[in-house]
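Naming: A, B, ... by sequence-line order, numbering from 1 per chain.
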2 protein chains.
Amino acid sequence: MSETAAEAEVFKALADPNRRKILDELAERDGQTLFEICSRLTMRHQLGLSRQAVSQHLDVLLRAGLIRSRREGRYKFHHIDTTPLEHLTDRWRGGGARENRCAST
Amino acid sequence: MSETAAEAEVFKALADPNRRKILDELAERDGQTLFEICSRLTMRHQLGLSRQAVSQHLDVLLRAGLIRSRREGRYKFHHIDTTPLEHLTDRWRGGGARENRCAST
DNA sequence: TTGATAGGCAAGTGACGACTTGCCTATTGT
DNA sequence: ACAATAGGCAAGTCGTCACTTGCCTATCAA
């Protein structure tokens with residue numbers, strides 16, 4: 001087999017345009033709460049997503065390991081984590097070792 | 001706006017596990033025909049996909065720019081093209097330009 | 001304690017996507 | 001010409017997924 005279940009989750013998470021916008025939002029301003037993400041998504045991206053919709057998207061992103069959540073009182077802050085993206089497409093672009101030409105192993 | 005329609009196609013194309021397997025196949029042995037891909041997918045990956053299913057997947061990959069097709073007589077050869085993958089995830093990992101600098105800490 | 005804010009859970013709806021089924025065209029070999 | 005091979009087209013089925021709806025819990029301020 002060539003890919004892990006975790007990788008599959010990442011691909012599935014990235015498949016939705018709205019989830020990618022959420023990642024955009026968190027990349028621009030990390031550590032937002034659910035309500036913050038909702039309002040900023042509406043204001044800045046003309047994205048009319050309900051709170052529950054965003055919440056479910058955050059769940060998917062969480063399961064994919066693309067965000068981490070930290071609870072603080074009644075607030076829950078969400079942080080982007082890009083490590084799952086690091087070598088996601090290497091299996092196709094490599095085959096060998098070009099394209100990554102830093103100081104590869 | 002933050003992403004092009006072409007990028008969205010790529011994400012959608014990568015969302016399906018079977019399409020990723022097809023890319024795996026072509027990465028390992030480029031320039032296969034539809035029937036070749038079918039049989040090798042069945043033999044080597046225990047993937048029981050019909051010809052039409054694979055054909056439709058190839059269409060999606062084609063539209064995403066991840067493969068190119070070349071017709072020759074009654075054969076049609078499919079070639080992987082990884083250029084759409086090149087900076088796919090940069091919008092989240094960068095923002096700036098760290099993280100791609102090899103000699104990391 | 002009461003009300004307001006931040007978030008969670010779960011069932012239901014609707015649409016899109018993966019795959020099938022059936023038939024058709026085009027090229028090659030004999 | 002005829003059969004066999006390689007592929008294409010289009011309608012239909014079915015499951016998954018995004019989103020909604022409705023209600024519930026928890027924390028904070030007055």
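Defining each end axis of the helix from dT1(C)-dA30(D) to dT30(C)-dA1(D) as the rotation carrying four pairs' C1' atoms onto the next four, with five pairs an end, the two axes are found to diverge by 20° to 10 degrees.
The OG1 atom of T83(B) sits 10.5 Å away from the CZ atom of R93(A) when rounded to the nearest 0.5 Å. The structure places NZ of K76(B) at 7.5 Å from OG of S55(B), a figure rounded to the nearest 0.5 Å. Taken from CZ in R51(A) to CD in Q56(A), the straight-line distance is 10.0 Å, to the nearest 0.5 Å. With values rounded to the nearest 0.5 angstrom, L41(A) atom CG is found 7.0 Å from N18(A) atom CG. Interatomic distance, CD of Q52(A) versus SG of C38(A), reported as 8.5 Å (0.5 Å rounding).
Here F77(A) is tied into one hydrophobic group with Y75(A), each link being a pair of ILVMFWY side chains closer than 4.5 Å.
For DNA chain D, the residues of residues 28-37 of chain B within the heavy-atom distance limit of 4.0 Å (strictly under) are T33(B), L34(B), F35(B), sorted by number.
Using modelled atom types, one finds a donor on one side chain and an acceptor on the other under 3.5 Å when comparing R70(A) with H79(A).
Q32(A) is linked by a side chain to side chain donor-acceptor pair (under 3.5 Å) to E25(A), counting only residues two or more places apart in sequence or in another chain. For D59(B), the side chain to side chain donor-acceptor pair (under 3.5 Å) test picks out no residue, with sequence neighbours left out.
Distance, L61(A) CG to dA18(D) P: 10 Å, rounded to whole Å. Rounded to whole angstrom, the span from the CZ atom of F77(A) across to the P atom of dT5(C) amounts to 17 Å.
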- Whether each nucleotide of nucleotides 17-30 of chain C has a protein heavy atom under 4.0 Å at its base (B), only at its sugar-phosphate (S) or at neither (-) is summarised, 5' to 3', as SSBBBB----BS--
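When the side-chain nitrogen and oxygen atoms of S55(A) are compared with OP1 and OP2 of dG7(C), none of them lie within a distance under 4.0 Å.
If you chain together hydrophobic residues whose side chains sit under 4.5 Å apart, I80(B) and L88(B) fall into the same group.
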